Protein chains: 2
Amino acid sequence: MEATLSKRDKIVEAALSLFAERGYDGTTVPMIADKAEVGTGTIYRYFENKEALVNALFQDCVKRFNDVVKRDFPDSGSVREQFQHVFHGMVRFAKENIHGFYFVDTHSNARYLDPESRESFRQLMDFFHAYAARGIQQGMIRPLQADVLIAIVFGAFTKVFTLIRAGKLTETPEMLRQIEESCWDAVSVHANKE
Amino acid sequence: MEATLSKRDKIVEAALSLFAERGYDGTTVPMIADKAEVGTGTIYRYFENKEALVNALFQDCVKRFNDVVKRDFPDSGSVREQFQHVFHGMVRFAKENIHGFYFVDTHSNARYLDPESRESFRQLMDFFHAYAARGIQQGMIRPLQADVLIAIVFGAFTKVFTLIRAGKLTETPEMLRQIEESCWDAVSVHANKE
DNA sequence: ACCATAGGAATGAATATTCATTCCGTTTTA
DNA sequence: TAAAACGGAATGAATATTCATTCCTATGGT
């Protein structure tokens, strides 16, 4: 155990922020090496090639996102409580890992993702699908296709966090609370409408 | 005027779909030439270089989007009616120009956009800012920062249209109506909450 | 024949990847 | 215990590939 980051960790961190910032194709391997303060060749000691690196990164982020969202999930809570839990999980993950969240969002359909990466992302989505299905069944969530519901909440959330990441917005607990409410209102059934 | 697309138009169309599909850095000039069925050199007869091409494309799309959203805007209508108008404009633009919408969304912060492109996008955003401000003032729209409100609606909308674009979803008028309602509920003030 | 337009091979710069060498900590030997 | 030998991690210059851009030839319209 070192007090300082291992070479591998430095590479991972540098690559993540560059991929998030400039995209996969806009990031060169020497750029990553520079930022990580290692030799170019060192990257190839840890990853077979650039594609293997981006896939390792992607899977790692998805796994961590999965863990955060599912940890302490209130299985027996209400649909509303579960929504809040998931939303807070997203916030927590995005704050701890500001590049990781954006990276996953912008790369989840990328052509260079291998089957394993795609599968890991699909599993994450399955969890949200199942949630949406339960919510609809209980009459709490609007009867739209689960894909659409997920797209609405994730789309809104990621765009907001993109602003935060870009420094164009500073998040406050109150603002996050309001955004959560806003997202809930977007997908929930309203009892009484004028 | 030809019955068939001009060379320039073929280049523009090919470039647009490739940039939307693979991103700027992931698209090569010969790739564009191939898809447009022109020689590589021909592209340089119409555009100074790759960067000029992407900027011309961006500005053109933003302009068309602007036109669609602002055409017949109900200046004296209610905030709700104006929202509907804008939303329908977005739908119309996205349907007529499925790549263009996604292209603008994914490239609006790109490092290779020139000042003119940035300015054209800023003007478009100003329009939405002004709309949000009016809505808040009238007590119809939630009192959040305009940036956040815009991010919520645009984020939700673009993610849904990304699904449609990818063929993972087929849009119907009823579905679009529901999504419009969903987005409105996300940003509007609700008179009575339980 | 002349000019404008188009084409695509040629060019040089940029990029991913490799590899011979250096460096450094550990083990072996005297 | 000190010196020598070793092994694997790290390096960055060298190589092979890909790319944007140029340039010269070909084509077709007038």
Side-chain angles (χ1 to χ4, degrees), chain A residues 1-60 103 106-107 110-114 116-117, chain B residues 1-60 103 106-107 110-114 116-117:
Chain A
M1 299 297 120
E2 306 175 316
T4 161
L5 243 41
S6 74
K7 298 264 172 194
R8 198 193 129 100
D9 288 345
K10 289 176 85 174
I11 293 166
V12 162
E13 201 167 277
L16 188 61
S17 82
L18 283 166
F19 285 153
E21 211 72 59
R22 314 178 43 98
Y24 176 76
D25 293 304
T27 303
T28 71
V29 175
M31 232 179 242
I32 298 168
D34 258 23
K35 182 149 198 164
E37 296 175 300
V38 302
T40 319
T42 307
I43 290 175
Y44 289 86
R45 293 196 54 75
Y46 292 99
F47 302 95
E48 196 185 335
N49 52 34
K50 191 183 173 188
E51 206 167 302
L53 169 58
V54 79
N55 275 282
L57 242 50
F58 185 83
Q59 286 168 40
D60 186 56
F103 168 72
T106 49
H107 289 72
R111 61 185 192 286
Y112 36 76
L113 287 190
D114 62 26
E116 206 175 336
S117 293
Chain B
M1 298 298 119
E2 308 174 318
T4 159
L5 244 38
S6 75
K7 299 266 172 193
R8 198 195 130 98
D9 288 345
K10 289 176 85 174
I11 292 166
V12 163
E13 200 168 279
L16 189 61
S17 82
L18 283 166
F19 285 153
E21 210 74 58
R22 316 176 43 101
Y24 176 75
D25 293 305
T27 302
T28 70
V29 175
M31 233 178 241
I32 298 169
D34 258 23
K35 182 148 197 165
E37 296 175 299
V38 302
T40 321
T42 305
I43 290 175
Y44 289 86
R45 291 196 55 75
Y46 293 98
F47 301 95
E48 195 186 334
N49 54 34
K50 190 183 173 186
E51 207 167 300
L53 169 58
V54 79
N55 276 283
L57 243 49
F58 185 84
Q59 286 169 39
D60 185 57
F103 168 72
T106 50
H107 290 72
R111 62 184 190 286
Y112 36 76
L113 287 190
D114 61 26
E116 206 176 337
S117 293

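This structure is a prediction, so every number in the text was calculated from the model and none was measured. Note on naming: letters A, B, ... go to the chains in the order of the sequence lines (proteins, then strands), and numbering restarts at 1 for each one.
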Grab the N/O contacts between the protein and nucleotides 7-12 of chain D below 3.5 Å, and write none if there aren't any.
from: D:dA9; atom 1: OP2; to: A:Arg45; atom 2: NH2; distance (Å): 2.4
from: D:dA10; atom 1: OP2; to: A:Tyr46; atom 2: OH; distance (Å): 2.6
from: D:dT11; atom 1: OP2; to: A:Gly39; atom 2: N; distance (Å): 2.8
from: D:dT11; atom 1: OP2; to: A:Thr42; atom 2: OG1; distance (Å): 2.4
from: D:dG12; atom 1: N7; to: A:Gly41; atom 2: N; distance (Å): 3.1

| Validation row: B:Met31, B:Arg22 side chains within 4.5 angstrom (heavy atoms) | yes
Just the atom pairs and distances: protein N or O near nucleotides 27-30 of chain D's N or O, under 3.5 Å.
none

| field | Taking every non-hydrogen atom, the tightest pair across A:Lys35 and A:Ser17 | value | NZ-OG, 3.4 Å
| task | Kindly indicate, with the supporting measurements, whether the criterion side-chain contact (heavy atoms from CB on, under 4.5 Å) is fulfilled by B:Asp114 and B:Gln59. | result | CA-CA 10 Å; B:Asp114 61 26; B:Gln59 286 169 39; 3.5 Å; yes
| said: I'd like to check the ring-ring contact (aromatic ring centres under 6.0 Å, His included) partners of A:Tyr24; sequence neighbours left out, ordered by chain and number. | reply: A:Phe19, A:Tyr112
| task | Taking the side chain as every heavy atom from C-beta outward, state whether A:Thr27 and A:Val54 have any pair of such atoms under 4.5 Å apart. | result | no
| said: For the CD atom on A:Glu13, are there more than 12 heavy atoms of other groups (residues, nucleotides or ligands in this structure) within a distance under 6.0 Å? | reply: no
| Rounded to whole angstrom units, what separation is found between the CG atom of B:Asp34 and the P atom of C:dG7? | 12 Å
| field | For atom NZ of B:Lys35 and atom P of C:dG8, their distance in whole Å | value | 19 Å
| note | Note: B:Ala14 and B:Ile32 closest approach over all heavy atoms is CB-O, 3.8 Å
| remark: What residues 20-33 of chain B contributes to the DNA chain C interface at heavy-atom separation below 4.0 Å is none
| said: Quick test of your reading: applying ring-ring contact (aromatic ring centres under 6.0 Å, His included), list the pairs with at least one residue in residues 25-53 of chain B, sequence neighbours left out, ordered by first then second residue. | reply: none
| task | Can you tell me the distance, in whole Å, between the CG atom of B:Leu53 and the C1' atom of D:dA20? | result | 12 Å
| note | Sequence neighbours excluded, the answer for side chain to side chain contact (heavy atoms under 4.5 Å, CB included) partners of B:Glu37 is B:Lys10
